[in-house]
Amino acid sequence: FAKHFGYSGWSDLQRIFRDGMTQRIAPGRNCQARIRQVVATANGALAPAQIAHEFVGGTIAGLQELQRSLPGKALDAAVKLLAAKPRSVRELRERLLEKLWTNDEIVDAVLEKLKEYKYLDDEQYARDLAVSKLRQKPQGKRRLQQTMSQKKLDKETVSNAVTEAFEKLPEKELIDLAIEKRIRLKGKPQTREETKKFYDHLLRQGFGFDLIREKMSSVASREFERD
């Protein structure tokens with residue numbers, strides 16, 4: 001039968017048939033549909049044993065091919081997520097596990113590869129993010145700490161990043177920027193109510209009460225000046 005169609009023998013025909021099954025049969029389909037597909041695509045009648053053999057062989061080959069393709073697919077998804085914005089290891093892991101075609105083993109392998117390429121580094125990510133937040137909007141240590149704590153980083157990494165950020169951009173200089181902006185928008189406070197609103201504004205920005213009081217004393221005495 002096989003030689004009639006130009007094949008050297010049954011094993012050669014079987015290999016071609018199995019390759020075809022690998023391409024045609026999706027692993028997600030139910031077993032009955034896949035068996036019907038085997039029967040429908042076969043040339044001539046197949047004995048039950050042959051159906052079972054080809055079904056199992058095609059399924060195994062298909063799953064092996066799918067397994068080989070998954071890490072690359074997961075890696076591509078991870079790179080796209082990182083291209084959209086920097087992320088912590090934990091955040092990226094959770095996003096990848098949302099995909100139906102991933103699992104813990106695949107995602108962990110991808111994360112390790114990204115760490116190896118230096119695309120994932122929680123400490124560097126935290127340092128860059130902390131400084132970026134301060135430059136985008138002057139704020140105090142308390143507010144930055146709260147913002148960083150939402151980024152799925154461990155406490156030590158956050159603490160170190162916040163400390164380093166304020167070494168580069170001291171809080172006393174940041175509060176001067178915040179005060180200057182407030183005065184530019186609202187003017188200097190003239191009444192007790194306006195002064196209280198000014199205090200509350202700076203407190204919401206995360207600055208400490210003692211630092212605010214010191215700076216507001218300068219504002220009240222008109223000693224506050226910025227170049």
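Quick caveat, the model's predicted, so the values are computed rather than measured.
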Rounded to the nearest 0.5 Å, how far apart are [atom1] of [X] and [atom2] of [Y]?
X: Leu111; Y: Glu116; atom1: CG; atom2: CD; answer: 13.0 Å
X: Leu92; Y: Leu114; atom1: CG; atom2: CG; answer: 6.5 Å
X: Lys215; Y: Phe198; atom1: NZ; atom2: CZ; answer: 12.0 Å
X: Ile212; Y: Leu203; atom1: CD1; atom2: CG; answer: 3.5 Å
X: Ile179; Y: Gln205; atom1: CD1; atom2: CD; answer: 11.5 Å
X: Leu177; Y: Leu134; atom1: CG; atom2: CG; answer: 10.5 Å

Do [X] and [Y] touch side chain to side chain, with heavy atoms closer than 4.5 Å?
X: Lys99; Y: Thr102; answer: yes
X: Ser218; Y: Glu214; answer: no
X: Ile106; Y: Trp101; answer: no
X: Val89; Y: Tyr125; answer: no

Sequence-distant partners of [X], side chain to side chain donor-acceptor pair (under 3.5 Å), two or more places apart:
X: Arg182; value: none
X: Gln145; value: none
X: Lys152; value: Glu94
X: Arg142; value: none

- Message: Using the rule given for side chain to side chain contact (heavy atoms under 4.5 Å, CB included), can you reason through Leu97 versus Asn103, listing the C-alpha separation, both sets of side-chain angles and the distance that settles it, and then say yes or no?
- Response: CA-CA 6 Å; Leu97 286 174; Asn103 57 40; 5.6 Å; no
Return yes when atom [atom1] of [X] has more than 12 non-hydrogen atoms of other residues, nucleotides or ligands closer than 6.0 Å, and no otherwise.
X: Leu185; atom1: CG; result: yes
X: Glu98; atom1: CD; result: yes
X: Glu105; atom1: CD; result: no
X: Glu193; atom1: CD; result: no
X: Tyr199; atom1: OH; result: yes

Can you check whether [Y]'s main-chain N or O pairs, donor with acceptor, with [X]'s side chain at less than 3.5 Å?
X: Thr195; Y: Thr191; value: yes
X: Gln139; Y: Lys133; value: yes
X: Glu171; Y: Phe207; value: no
X: Thr157; Y: Leu153; value: no
X: Glu123; Y: Asp121; value: no

- Query: In a check of side chain to side chain contact (heavy atoms under 4.5 Å, CB included) between Lys141 and each of Leu174, Leu211, Val162, which one passes?
  - Reply: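 Exactly one pass, corresponding to Val162.
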- Message: Let's go through Gln136 and Ser132 carefully: what are the C-alpha distance in whole Å and the side-chain angles of both, what is the deciding distance for side chain to side chain donor-acceptor pair (under 3.5 Å) to 0.1 Å, and is it a yes or a no?
- Response: CA-CA 6 Å; Gln136 288 174 6; Ser132 175; 3.1 Å; yes
- Message: Using the rule given for side chain to side chain donor-acceptor pair (under 3.5 Å), can you reason through Asp128 versus Gln124, listing the C-alpha separation, both sets of side-chain angles and the distance that settles it, and then say yes or no?
- Response: CA-CA 6 Å; Asp128 292 344; Gln124 187 62 51; 2.8 Å; yes
How close do [X] and [Y] get, counting heavy atoms only, and between which atoms?
X: Pro189; Y: Val219; value: CD-CG1, 4.0 Å
X: Met148; Y: Ala161; value: CE-CB, 4.3 Å
X: Leu96; Y: Ala74; value: CD2-O, 3.9 Å

State plainly whether the residues [X] and [Y] are in salt-bridge range, i.e. N to O under 4.0 Å.
X: Asp210; Y: Arg213; value: yes
X: Glu194; Y: Lys197; value: no
X: Asp154; Y: Arg90; value: no

- Task: Carefully, step by step, assess Arg143 and Lys137 under the rule side chain to side chain contact (heavy atoms under 4.5 Å, CB included).
- Result: CA-CA 11 Å; Arg143 178 162 178 173; Lys137 185 174 184 178; 3.8 Å; yes
- Step-by-step side chain to side chain contact (heavy atoms under 4.5 Å, CB included) determination, Phe166 to Leu144: CA-CA 10 Å; Phe166 281 107; Leu144 182 61; 3.7 Å; yes
- Task: Taking salt bridge (Lys or Arg N to Asp or Glu O under 4.0 Å) as the test, write out the residues that go with Lys196, two or more places apart.
- Result: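 Counting only residues at least two positions away or on another chain, Lys196 forms a salt bridge (Lys or Arg N to Asp or Glu O under 4.0 Å) with Asp200.
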- Task: Can you sort out the partners of Arg87 under salt bridge (Lys or Arg N to Asp or Glu O under 4.0 Å), two or more places apart, ordered by chain and number?
- Result: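 So Arg87 forms a salt bridge (Lys or Arg N to Asp or Glu O under 4.0 Å) with Glu91.
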